[in-house]
J.: 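Please find one structure pasted underneath; my questions will follow.
Being a predicted model, the structure only gives us computed values, none of them experimental. Hydrogens, waters and symmetry mates play no part in the numbers below; they use all other heavy atoms, side chains included.
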Amino acid sequence: MINRREFLLSSVAIGTLALAAPQLAVAQDKLTILGSVPSLGFPFFVHMLNQIKAEAQAQGVNLVESDGQNSAPKQTADIEAALVQKVNAIVISPLDVNALAPAIEQAVQAGVPVVTIDRRVDGVEGILAHVGADNVKGGEAEAQAMVAAFPNGAKIFHLQGQPGAGPAIDRNKGVHNVLDPMKDKYQIIFEQTANFARAEALSVTEAGLAANGKPDAIICANDDMALGAVEACAARNFTDVKIYGFDALPEALVAVRDGKLAGTVEQFPGEQSRTAVQIAVAYARDKTEPKEKLVLLTPVVIGKDNLDKAERLGETK
C-alpha cells in the first residue's frame with residue numbers, strides 16, 4: 001500500500017508524463033485528446049475517466065488524462081497545458097461550470113473542439129457538443145420514487161450537491177419540481193449541501209438528526225452522500241429511514257440489493273463518456289459535425305426490482 005502523499009506525488013509524475021505525450025503523438029501522426037474530470041477522489045469520475053480511456057483506445061487516439069483534484073485552478077491549468085501541447089480535442093466534465101468557462105472559451109477560440117460531459121457550460125459559445133444526463137428529470141425521478149414509497153406523506157431530509165456544479169443545480173431543481181407543489185404533505189424539514197462528499201454527508205446528517213429528529217426519508221444528490229447518510233442513521237439505529245442516492249455506483253447497488261438504500265438513480269456515465277469521445281474524435285478527424293449538439297440520456301431509478309438495468313452491476317461483489 002502506498003500512502004496518500006506517495007499517491008499524489010506519483011499522480012503528479014504521471015500527469016507530467018501524460019502532458020508530454022502529445023509531442024510523441026504528433027511524431028506518430030496520431031490524434032491526441034485531453035480527457036479531464038473534476039476529481040479522481042470520487043468513484044463516479046474514476047469510472048468516467050476509465051470509459052473515456054477505453055473509448056480513446058477503441059478510436060485509436062492518444063489520451064492525456066487530467067485529474068482536476070477538486071480544484072478549478074488545477075483543472076484550468078491542465079486545459080492550458082494541453083493547449084500548449086496542441087491537443088486535437090478536449091472531452092471534459094468541468095468541476096465548476098462558471099470557474100472553468102474562461103479556459104474552455106480559450107480552447108474554443110484556439111480552434112480546439114470541446115465536448116462537455118455531465119456538467120454543461122452554458123456561458124461559452126462554440127462548444128461542439130454536450131453529452132449528459134437530464135439531471136432535472138433525474139431529480140424528479142428520485143423524488144417521485146420517494147413519494148411512491150410514502151403515499152400518505154413524509155418528512156424529508158435533502159442533501160444537496162456541490163454549489164456551482166451543474167448536476168447539483170439541476171437535481172435540486174428536479175426534487176423541488178416534484179415536492180414543492182405537495183409541500184404540505186411532503187415536508188423538507190432539513191436541507192443542506194454536503195458537497196457530494198461522504199464524510200461531509202455523515203456529519204451533516206448527524207447534525208440534521210440532532211436538530212430535527214428522525215425523518216421518513218433522505219434524498220441525496222449523489223451516492224457518496226447517501227452512503228454517508230446511511231452511516232449516520234445506522235449509528236442511531238434508524239434503519240427504517242428510506243435513503244435515496246444518485247449515480248448507481250457499484251457500492252450503492254450493493255446497498256440497494258442489501259436493503260440499506262431504497263434506491264439510486266442511474267445516469268449511464270459510461271455511455272455519456274464513450275459518446276463524448278466519439279463526437280470529439282469524429283470532428284477532430286474530418287470535421288464531422290455531431291447530429292445533435294445536446295445529447296441528454298434519461299436517468300432511471302434503480303431499486304431491488306430492476307438492478308439488472310444498472311450500467312455497473314457487473315462490478316458489484
J.: Determine, stepwise, if the pair Gln267 / Asn135 fulfils side-chain contact (heavy atoms from CB on, under 4.5 Å).
T.: CA-CA 8 Å; Gln267 60 162 319; Asn135 280 293; 4.1 Å; yes
J.: Starting from the C-alpha separation in whole Å, work towards a yes-or-no answer on side-chain contact (heavy atoms from CB on, under 4.5 Å) for Asn70 and Gln162.
T.: CA-CA 11 Å; Asn70 218 33; Gln162 188 175 44; 3.9 Å; yes
J.: Applying the 4.5 Å side-chain criterion to the ILVMFWY set and letting contacts propagate, would Leu49 and Phe196 be lumped into a single cluster?
T.: yes
J.: Just by modelled atom types, is the Gly270 backbone N or O under 3.5 Å from a matching donor or acceptor in the Glu311 side chain?
T.: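 Looks like yes, one N/O pair under 3.5 Å.
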J.: Run the salt-bridge test on Glu231 and Lys260 with the 4.0 Å N-O cut-off and return the result as yes or no.
T.: no
J.: Determine yes or no for a side-chain-to-main-chain donor-acceptor pair under 3.5 angstrom, with Asp286 supplying the side chain and Thr288 the backbone.
T.: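 At least one qualifying donor-acceptor pair exists.
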J.: Looking at side-chain heavy atoms only, is the closest gap between Pro94 and Val121 below 4.5 Å?
T.: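 With C-beta onward as the side chain, the pair touches.
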J.: Got a donor-acceptor contact below 3.5 angstrom from the Asp223 side chain to the Leu249 backbone?
T.: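 Yes, the answer is positive, given that a donor and an acceptor are paired below the 3.5 Å cut-off.
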J.: Under 4.0 Å between a Lys/Arg side-chain N and an Asp/Glu carboxylate O for Glu140 and Lys137?
T.: no
J.: I'd like to check Ser36 versus Val91 (side-chain heavy atoms, cut-off strictly below 4.5 Å). Are they in contact?
T.: no
J.: Judged by atom type as modelled, is there a donor-acceptor pair below 3.5 Å linking the side chain of Asp96 to the main-chain atoms of Asn98?
T.: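 Between the backbone of Asn98 and the side chain of Asp96 there is a qualifying donor-acceptor contact (under 3.5 Å).
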J.: Are the side chain of Lys317 and the backbone of Glu251 linked by a donor-acceptor contact shorter than 3.5 Å?
T.: no
J.: Does Glu315 reach the side chain of His47, with side-chain heavy atoms less than 4.5 Å apart?
T.: yes
J.: Asn212 side chain to Gly208 main-chain N or O, any donor-acceptor pair under 3.5 Å?
T.: yes
J.: Check whether any side-chain N or O of Lys293 sits under 3.5 Å from a backbone N or O of Leu128 as a donor-acceptor pair, and report yes or no.
T.: yes
J.: Would you check if the side chain of Asn88 reaches a backbone N or O of Thr32 as a donor-acceptor pair within less than 3.5 Å?
T.: yes
J.: Below 4.5 Å, heavy atoms only, C-beta onward: do Ile188 and Leu179 meet side chain to side chain?
T.: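 With C-beta onward as the side chain, the pair touches.
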J.: Looking at every heavy atom in both Tyr186 and Phe150, which two are closest together, and how far apart are they?
T.: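 What the structure gives for the nearest pair is OH-O, 2.5 Å.
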J.: With a 4.0 Å cut-off, would you call Arg171 and Glu142 a salt bridge?
T.: no
J.: Examine distances only and state if a side-chain atom of Glu266 and a backbone atom of Phe268 form a donor-acceptor pair shorter than 3.5 Å.
T.: yes
J.: Using 4.0 Å as the upper bound for N to carboxylate O, is an ion pair formed by Asp67 and Lys74?
T.: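 Judged by the 4.0 Å cut-off on N to carboxylate O distance, Lys74 and Asp67 do not form a salt bridge.
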J.: Would you mind reporting whether Glu55 and Ser273 have side-chain heavy atoms less than 4.5 Å apart?
T.: no
